[in-house]
Amino acid sequence: MSSQELVNLDEFEALAKTKLPKMAFDYFASGSEDEYSLRENRNAFSRIRLRPRILVDVSSVDASTTVLGFRISMPVMVAPTAMHKLAHPEGEVATARAISAADTIMILSSSSSCSMEEVAATGPGVRFFQLYVYKDRQITTQLVHRAEDAGYSAIVLTVDTPRLGRREADLKNKFKLPPHVSYKNVEGLLNVNNLEKTSDSELAAWADNLFDRSLNWKDVKWLQSITKLPVILKGILTVEDAILAVQAGAAGIMVSNHGARQLNYVPATISVLEEVVKAVGGQVPVFLDGGIRRGTDVFKALALGASGVFVGRPSVFGLAVDGEAGVRKVLQMFQNELEITMALMGVCSIKQICRNHVQTEHEHHTAINSKL
Ligand SMILES: Cc1cc2nc3c(=O)[nH]c(=O)nc-3n(C[C@H](O)[C@H](O)[C@H](O)COP(=O)(O)O)c2cc1C
Ligand SMILES: CCCCCCCCCCC(=O)C(=O)O
């Protein structure tokens, strides 16, 4: 079956499952421990209702928007996900081409299986570089400077990963990279042989050995001191940390629970978005990722104050199903679904999406109770 026959993202995931080795599919699909937060990331969207307006002229709908000064085709961008060569032999190079064709933004994972330079060489495109801070700060500094030199436009510092979450599927599978996949950005810089075996998952063991668990707010300042690029903080879930992020000079905040792969029992990202947006008060843009699978999800996030959303697994499953064409189809699906949602909601532009367009579960119950 080709990706052109698929009509929604669940079908992409189902087809990816048939195409990928179990170890790779489980790595991409799973969440941590018993996956409460993974289910919540989706379920919380279904608890938000839409309040459409009618008899609005929607003969022209424009989903384009601006993020950090970059004009893009839609407020749907691609989150960093590691090791795309586990999904497809061309890896992140194919993903990058598809994202450029869709005229949106890619965040390249620092744990990518194509180097940041190979991805940059695919041609023009707005790309941000996601950073994990290694204990070896010289290597971390080199990565940041290479990203600047290669034309990346922002550094996205992931702040929710002092250790890798307990992904039980990876533990059961004894996750190990196949010989054709390696961490290209740090090849020759980090020696992953002879590391302490702290976990049955090779990935978790490497993260345990190499990531800097002492990372703290002072290091955000340190990062800003070594780069001219804007620094976005990815992995914020509370009002308290959102305020600290703004005080630390973050250029943007990503409300994210890492696709529910880190701490289990954290809330669905969509359920904390609004309080974070209110606390930030427009000082910097607030983005969201986690469980976005439909144009209606995108619309709901925007109505609750997001400046844009990022998708993780959908692009990887698109890549697994049909390489570059698969990722293109996934992004096209988001664009089509969002445009249809906008038309049916009586909205012609992203700026017109507002809080009155959605009703949360709490508001729904309050409305019912007030009538009793
Ligand atoms: C397979 C996979 C690999 C990921 N790798 C990274 C990574 O290298 N760096 C990072 O900051 N986040 C990583 N994430 C988290 C994503 O950036 C993003 O937060 C998450 O996937 C969003 O949820 P969604 O998959 O439901 O869209 C990864 C997620 C997945 C599923
Ligand atoms: C050789 C350096 C890298 C070692 C650790 C790689 C961990 C990648 C984790 C990717 C990720 O965030 C995820 O959710 O999976």
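Counting convention: from 1, in listed order, for ligands and their atoms alike.
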Practice prompt. From atom 15 (C) of ligand 1, work out which of Gln130, His258, Arg167 has a heavy atom at the shortest distance.
Written response: His258
Fill in: Lys221 (side chain) donor-acceptor with Ala248 (main chain) under 3.5 angstrom
yes
Discussion item. Using every non-hydrogen atom in the two residues, find where Pro285 and Leu68 come nearest and quote the distance to one decimal.
Written reply: CG-CD2, 4.0 Å
Discussion item. Give me the atom names and distance for the closest heavy-atom approach of Ser110 to Asn185.
Written reply: O-ND2, 3.1 Å
Response to the item:
Within 4.0 Å of some non-hydrogen atom of Val311, the atoms of ligand 1 are 27 (O)
Item to complete: Fit a plane to each ring of Tyr265 and Tyr36, take the angle between them on a 0 to 90° scale, and name the class: parallel (under 30°), tilted (30 to 60°) or perpendicular (over 60°).
Response: parallel
Worksheet entry | Nearest atoms (heavy-atom pairs only) where Val255 meets Thr269 | CG1-O, 3.8 Å
Worksheet entry | Non-hydrogen atoms of Ala301 and Leu288 that approach each other most closely | CB-CD2, 4.2 Å
Practice prompt. Identify, for atom 30 (C) of ligand 1, the protein heavy atom at the shortest distance, and state residue, atom and that distance.
Written response: Arg261 NE, 3.4 Å
Worksheet item: Of all the heavy atoms in Arg293, does at least one lie under 4.0 Å from an atom in ligand 1?
Response: yes
Worksheet item: Any idea which protein heavy atom is nearest atom 8 (O) of ligand 1, and the distance to it?
Response: Ser109 OG, 2.7 Å
List, pair by pair, the atoms of ligand 2 and of the protein that are both N or O and lie under 3.5 Å apart, giving the separation rounded to 0.1 Å.
unit_1, atom_1, unit_2, atom_2, d
ligand 2, 12 (O), Tyr132, OH, 2.4
ligand 2, 12 (O), His258, NE2, 2.8
ligand 2, 14 (O), Arg167, NH1, 3.4
ligand 2, 14 (O), Arg167, NH2, 2.9
ligand 2, 14 (O), His258, NE2, 2.9
ligand 2, 14 (O), Arg261, NE, 2.9
ligand 2, 15 (O), Tyr27, OH, 2.6
ligand 2, 15 (O), Arg167, NH1, 2.8
ligand 2, 15 (O), Arg261, NH2, 2.9

Fill in: Within reach of ligand 1, part of Met83 (heavy-atom separation under 4.0 Å)
neither
Discussion item. Can you check which of Tyr183, Tyr132, Tyr27 brings a heavy atom nearest to atom 7 (C) of ligand 1?
Written reply: Tyr132
Worksheet item: At a 4.0 Å threshold, what atoms of ligand 1 neighbour a non-hydrogen atom of Ser256?
Response: 19 (O)
Item to complete: List for me each residue that meets side-chain hydrogen bond (donor to acceptor under 3.5 Å, both in side chains) alongside Asp160, sequence neighbours excluded, and say none if there are none.
Response: His258
Practice prompt. Validate the cation-pi geometry between Arg261 and Tyr27: distance from NZ or CZ to the six-membered ring centre under 6.0 Å, angle to the ring axis within 45°.
Written response: yes
Response to the item:
On a heavy-atom basis, the closest approach of His180 and Lys85 is NE2-O, 3.3 Å
Worksheet item: Between Ala82 and ligand 1, which residue portion shows a heavy-atom distance shorter than 4.0 Å: side chain, backbone, both, or neither?
Response: both
Worksheet entry | Inter- and intrachain pairs under salt bridge (charged side-chain N to carboxylate O under 4.0 Å, His left out), touching residues 291-303, at least two apart | Arg42-Asp297, Arg294-Glu337
Discussion item. Only heavy atoms of Gly259, strictly under 4.0 Å: list the atoms of ligand 1 that pass.
Written reply: 19 (O), 20 (C), 22 (C), 23 (O)
Discussion item. Using heavy-atom distances only, which candidate in Gln262, His84, Lys234, Arg42 approaches atom 12 (N) of ligand 1 most closely?
Written reply: Lys234
Worksheet item: Where the closest heavy atom to atom 4 (C) of ligand 1 is concerned, which of Thr161, Thr81, Val255 has it?
Response: Thr81
Fill in: Closest protein heavy atom to atom 11 (O) of ligand 1, given as residue, atom name and distance to 0.1 Å
Thr158 OG1, 2.7 Å
Item to complete: For atom 13 (C) of ligand 1, find the nearest protein heavy atom and state the residue, atom name and distance (0.1 Å precision).
Response: Pro80 O, 3.0 Å
Worksheet item: Nearest to atom 21 (O) of ligand 1, what protein heavy atom do you find, and at what distance?
Response: Gly312 CA, 3.6 Å
Discussion item. Checking side-chain polar atoms at under 3.5 Å, does Arg127 have a donor or acceptor matched by the opposite partner on Ser100?
Written reply: yes
Item to complete: Assess Ile292 for proximity to ligand 1: is some non-hydrogen atom of it under 4.0 Å away?
Response: no
Fill in: Heavy-atom donor-acceptor pair, Gln262 side chain to Arg163 backbone, under 3.5 Å
yes
Item to complete: Measure from the ring center of Phe317 to the ring center of Phe25 and say whether it is less than 6.0 Å.
Response: yes
Response to the item:
Here the atoms of ligand 1 under 4.0 Å from any heavy atom belonging to Ala79 are 17 (O), 18 (C)
Item to complete: Looking only at distances, please establish whether an N/O atom of ligand 1 is found under 3.5 Å from an N/O atom of Phe28.
Response: no
Worksheet item: Counting only N and O atoms by type, is there a donor-acceptor contact under 3.5 Å from the side chain of Ser112 to the main-chain atoms of Ser115?
Response: no
Discussion item. Considering non-hydrogen atoms of the protein only, which is the closest contact for atom 19 (O) of ligand 1, and what is the distance?
Written reply: Asp289 OD2, 2.7 Å
Practice prompt. Applying side-chain hydrogen bond (donor to acceptor under 3.5 Å, both in side chains), name anything that partners Thr227, two or more places apart in sequence or on another chain.
Written response: Glu148
